[in-house]
Amino acid sequence: MYEGDFQALVDEVSALLAAPATLEDRDFRLIAFAAQEGDLDAVRTGSILRRSSPAGVRAWFESFGIARAAGPVRTPHDPRTGVLARLCLPARDAGVTYGYLWLLDEGAIGLDDPRLAEAMRLADAAGALLAEQGRPSRALGLLLAEAEAERAEGRSLLADHAVAASPFVVMVVGGELRPAPYGMIATRDVLLAPVRDLAEGRAQAARIAARAGAVGVSGLGRDLGRVREAVRQARAALRVARDVPGAGPVAAWDALGPYRMLTELSDGDPAVAPLLDPKNAPLRLTAETYLDQAGNAQRTAAALNVHRQTLYYRLSRIEELTGLDLDSGADRLLLHMALKAAHLR
């Protein structure tokens, strides 16, 4: 009915019971909330602003048995902390609690209110949606941990899970990201996100980058047995996002171009070492621009804003310092690759 639209579901509950409503998962991470006039306590405000609730708040509410309840639970006003009275509708599926619908009603809705039957139907719909999104989490979490462990010996767990899955991407995050966005599976700096296509994965990565800095995104995966490969791709993409000028803050494996190969190189070539000396920075820029322009002197001089004779002098100095012949296709390829790879070190 809702096709994964948690916001529409929360809006309907809020309108039905005429009270501010929020939906949180069972780890008290905010999924959706309905705007409503009236007083808000610090718990609801903090949940909306931080997208999660502190451990003490969670313990307070769980003390009323909400994790085991099959129906509405009233939680009282707490004058010590300013927490207002609430009505909790457990979001369950097949007898398992996957989240909570909260109504900030200050005690106005009685547990015998006839509207609660419809409200619980909506809570069950939320539970079913949460369950559907959460079913692969344990298996995928194990796979992701295995991919990160990089076991040197023994049979890989991944070999037992080479089965079709919903499309996913792996992201590696360059900064701190806590908690992980809802619906994603995380181990340390690695996230696995179920997506419809690569465009959705890149859009999610852009939102994460706004909070956590550079992000590398793998290609689209459909086989759980390829999680290890996806992690490798995302780590390579993160190097490019972080180290190559103009590439970040998000770099996707499918759009890395030559850097897909260059990230595999462990060391640079000694021939290019003289150009990496800071005193030779103009020569390094000249060499890279010349090669980027496919050896076209006119375009290179224009890009560098130098006279053509100045360009020719610099090119001769580059050949002298590196021992490479810029008329040789093989030498030009070596120099171009070495200069691009140097951005990654």
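As the structure is a prediction and not an experimental result, all values here were calculated from the model. Just the heavy atoms: all of them, side chains too, but no hydrogens, waters or symmetry mates, feed the values below.
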| Inter- and intrachain pairs under salt bridge (Lys or Arg N to Asp or Glu O under 4.0 Å), touching residues 252-262, at least two apart |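 Every candidate salt bridge (Lys or Arg N to Asp or Glu O under 4.0 Å) pair involving residues 252-262 fails, so no pair, neighbours aside, qualifies.
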Side-chain heavy atoms of [X] within contact of [Y], under 4.5 Å:
X    : Y    : value
V169 : W253 : no
L335 : I318 : yes
D105 : R74  : yes
V10  : I31  : no
V250 : R207 : no
D197 : E200 : yes
L304 : Y290 : no
V13  : L103 : yes

Which atoms form the tightest heavy-atom contact between [X] and [Y], and what is the distance?
X    : Y    : result
P167 : L220 : CB-CD1, 3.9 Å
M171 : A193 : CE-CB, 4.0 Å
A234 : V170 : CB-O, 3.5 Å
L101 : A123 : CD1-CA, 3.6 Å
E319 : L326 : OE2-N, 2.8 Å
L104 : A85  : CD1-O, 3.8 Å

| request: Indicate the ring-plane relationship of F61 and F28, choosing parallel, tilted or perpendicular according to the 30° and 60° boundaries. | output: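 The arrangement is parallel - the two ring planes meet at less than 30°.
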| Y313 atom OH, over 12 foreign heavy atoms within 6.0 Å |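 Check fails, neighbour count at 12 or below.
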| request: Determine which pairs satisfy side-chain hydrogen bond (donor to acceptor under 3.5 Å, both in side chains) with at least one residue from residues 297-308, sequence neighbours left out, and list them in order. | output: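 Qualifying pairs, neighbours excluded: Q293-R299.
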Determine yes or no for a side-chain-to-main-chain donor-acceptor pair under 3.5 angstrom, with [X] supplying the side chain and [Y] the backbone.
X    : Y    : value
R284 : V272 : no
T22  : F33  : no
D331 : D325 : yes

Could you list the residues that satisfy side-chain hydrogen bond (donor to acceptor under 3.5 Å, both in side chains) with [X], not counting sequence neighbours?
X    : value
T286 : R314
D113 : R115
N280 : none
R317 : E320

| request: Mind checking the CD1-OG1 spacing from I66 to T97? Nearest 0.5 Å is all I need. | output: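 Atom-to-atom, I66:CD1 and T97:OG1 are 8.5 Å apart.
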| query | How many angstroms lie between atom CG of L17 and atom CG of L116, to the nearest 0.5 angstrom? | reply |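 Those atoms lie 6.0 Å apart.
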| field | R239 bridged to D243 by N-O distance under 4.0 Å | value |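 Here R239 does not pair with D243 in a salt bridge, since their nearest N and O are not under 4.0 Å apart.
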